[in-house]
> 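I'd like to ask some things about the structure below.
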Amino acid sequence: MTGWAVGKKKVACFFVVAVIFFLAVSCTKSGALTGGTSPSSFNGSFNGSVNGGLSGVANATISVMKAGNPTPLTSANTASDGSFSISFTNPGGNSLLYLVVTGGNAGSGTNAKNQFLALIGSGSALLNLPIKVNELTTAATELAAFNLGILSDVNGSVTLNAPANLAATNNALTQYTNLIASGSLNTSNSNLTSSTQTGLSVMANAFASCIESPSQCSALFNQAQSIAGSVATTLLESGVNALNNSANNASNLYTLAFPFNSRTGFSLSSSSTPSGFSFNNPLAATLNTFSAGSNSTLRSNAIDAFGNIWIGSQGTNLVTEISPSGALLGNFSVSPSNLPLSIAIDASGNIWAGSNSSNLIELNSSGTVIQTISGSNIGGAAGLAIDPAGNLWFSRNSGNPAIISEISPSGTIVGQFNAGRTSLGIAIDAASNVWVANNARGNPTLGSITKFSYNGTTLATTPTGSQPVGMAIDSSGNAWITDGVTAKVIEFNPAGTLINSYSINSVGSGINGLIFDGAGNLWVGEGSVVQELNSVGTVLATYTGFNGAASLAIDTSGNVWVVNSGNSTVAEIVGASVGPEFFPYSGPIFPYASY
């Protein structure tokens, strides 16, 4: 079997249908949950129903769960018509609340393999009552959780991890309610495209194939393979496998799902048999945008131990500090003619700014310049990274070959090494090896990556056939670059051999920043778009509304901070990832900017 389709954070292709499509996320600012009830109104009871298609699921076990807690808050059984009434104590806080339903009879006899999910609200408010649970809410719950990196599968037991904060909880609920209204597709949402509706209906009817005809469960499980090729052992795991496995099996999934659409009400037509699935449905997430004061042409950012964001500007001689709430804390001069292209923060909390002039500047946490390092090949520091020993490595955005410099914490130039032409992005792996993206501006045929050992020995040089800009290392030691000409990210193994390239954005090209979050998902920024990818290059989410997204950083709460080079602002995608950003080596945890 080839498996299904769609792979921070993470089914058959149809799931992919659901995934990629619904995963494209627009950064519109979300408001309060609509139709929610006050906390006091659900400290008692609430009602709902569980349907397998159009039939109530009798005698099923229904549990109220708090994401991140494996123990149910309470459990009850459904009545013969699938209805239920349940009571629990509101845990409050940032809690994401959901229902898990198992077992029961959907009309074809008791089926122990039955499983359903539905999001029901937060510690602040429940969604609209009564709560509806069915195959469609199950698909939407898994997709929303997958999109935010909180979907967990341990040996077939599928649960939701706790979101990073209340904003992340509300983002999950907002995405869910943009898809689902009272157990049906939310067709009042103008962003819910026909392709998304088809994808979710395929997902729901594939689940129904197991729920309404238990003999079909093995067919579903066999097609829902993991990346490693193992089959699903539970209905919910079939969804997880589908989301993680991008192998394309859309037509087979559709063939399995289609016969059940007349019995579920999740409409499919024979003419819509897909050869593959795509999701481009914009779903709301919380986006905050803050001014960087008089700074202009912002280029890079990094986050200190207090959560403050430090920003370098290619257009001024200023470094800007912004608080976690977006307040402007200061614009600090790095002396005339020093235009900071890149920013890194060391283990002592000092800020390093690579300038467009022949200087490298170090500031303390108060913004005071500590030292200015000058010398041959020091200028034009486009990328900065700090190794476990505290040495600063920076790439030079000019020269053939470009010179990579290593500088000690005291400011001594330890070594200078030849890379390719016009080096930009730079990153350090778990073995303290230094990876550099050589852009070769204007000549993609000369673009390459170079890998140095910690002492500057060249270990590998690989042509990329592109103009790489950003550079990042994943948890497996693979190096990823962004292509500055086409809309692609390219992956290399630890030896520097090309693994694959992935097209990620049809909106534009010239991708700049990229970074891995704590779940191993890759975040990339280009122009008006920021996208999240999983480890096999599948787009999990698309956020729009930026103005020259140039550099990314992720704080400990999972907020993604994006520098807008076009309008002197920094944007925060609230609670969208698993933070903090990933650092490949074991040592002091501090952010760095790759471009």
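These values consider heavy atoms only, across backbone and side chains, with no hydrogens, waters or symmetry-generated copies. No experiment lies behind these values; they were computed from the predicted model shown.
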> Roughly how far apart are D153 CG and S238 OG, rounded to 0.5 Å?
10.0 Å
> With sequence neighbours left out, what residues match E212 under salt bridge (Lys or Arg N to Asp or Glu O under 4.0 Å)?
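Here the qualifying residues are R263.
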> Using the rule given for side-chain hydrogen bond (donor to acceptor under 3.5 Å, both in side chains), can you reason through W561 versus N301, listing the C-alpha separation, both sets of side-chain angles and the distance that settles it, and then say yes or no?
CA-CA 8 Å; W561 291 84; N301 66 338; over 6 Å; no
> Quick one: do the T110 and N105 side chains pair a donor with an acceptor below 3.5 Å?
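No.
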> Is S213 reaching over with its side chain to a backbone N or O of S215, donor-acceptor style, under 3.5 angstrom?
no
> Do the ring planes of F88 and F46 sit parallel (below 30°), tilted (30 to 60°) or perpendicular (above 60°)?
perpendicular
> On a heavy-atom basis, which atom in S568 and which in L298 lie closest, and how many Å separate them?
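Nearest heavy atoms, S568 then L298: C-CD1, 3.7 Å.
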> Any side-chain to backbone donor/acceptor pair from Q115 onto L235? Under 3.5 Å, distance only.
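Confirmed, Q115 side chain pairs with L235 backbone.
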> Taking all non-hydrogen atoms of both residues, which atom of L117 and which atom of V133 are closest, and how far apart?
O-CG1, 4.0 Å
> Looking at T137 and T141, what are the two nearest heavy atoms and their distance?
O-OG1, 2.7 Å
> Shortest non-hydrogen contact from P324 to N308?
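So the minimum-distance heavy-atom pair works out to CD-OD1, 3.2 Å.
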> Are V158 and L151 close enough, and set up right, to give a side chain to side chain contact (heavy atoms under 4.5 Å, CB included), and what steps lead you there?
CA-CA 7 Å; V158 175; L151 186 61; 3.8 Å; yes
> Identify every side-chain donor-acceptor pair in residues 47-65 under 3.5 Å, counting partners at least two apart or on other chains, and give the distances.
unit_1	atom_1	unit_2	atom_2	d
N47	OD1	S85	OG	3.1
S63	OG	S75	OG	2.8

> Could you tell me which non-hydrogen atom of N90 sits nearest to which non-hydrogen atom of G123, and how far apart they are?
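Scanning both residues, the minimum pair turns out to be ND2-O, 3.1 Å.
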> First locate atom OH of Y98, then atom OG1 of T159, and finally report the distance between them rounded to the nearest 0.5 Å.
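Between atom OH of Y98 and atom OG1 of T159 there are 5.0 Å.
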> Among side-chain atoms of N567 and T569, is any donor-acceptor pair under 3.5 angstrom?
yes
> Under a 3.5 Å distance rule, please check whether N186 uses its side chain to pair with a backbone N or O of Y176 as donor and acceptor.
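Absent.
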> Check whether any side-chain N or O of D304 sits under 3.5 Å from a backbone N or O of F306 as a donor-acceptor pair, and report yes or no.
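Such a contact is found between D304 side chain and F306 backbone.
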> Of all the heavy-atom pairs spanning T169 and P163, show the shortest one and how long it is.
OG1-CG, 3.4 Å
> Yes or no on side chain to side chain contact (heavy atoms under 4.5 Å, CB included) for E135 and I211, after CA distance, side-chain angles and deciding distance?
CA-CA 9 Å; E135 297 95 338; I211 291 168; 3.6 Å; yes
> Are the side chain of N222 and the backbone N or O of A219 linked by a donor-acceptor pair below 3.5 Å?
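No, the answer is negative, given that no donor and acceptor are paired below the 3.5 Å cut-off.
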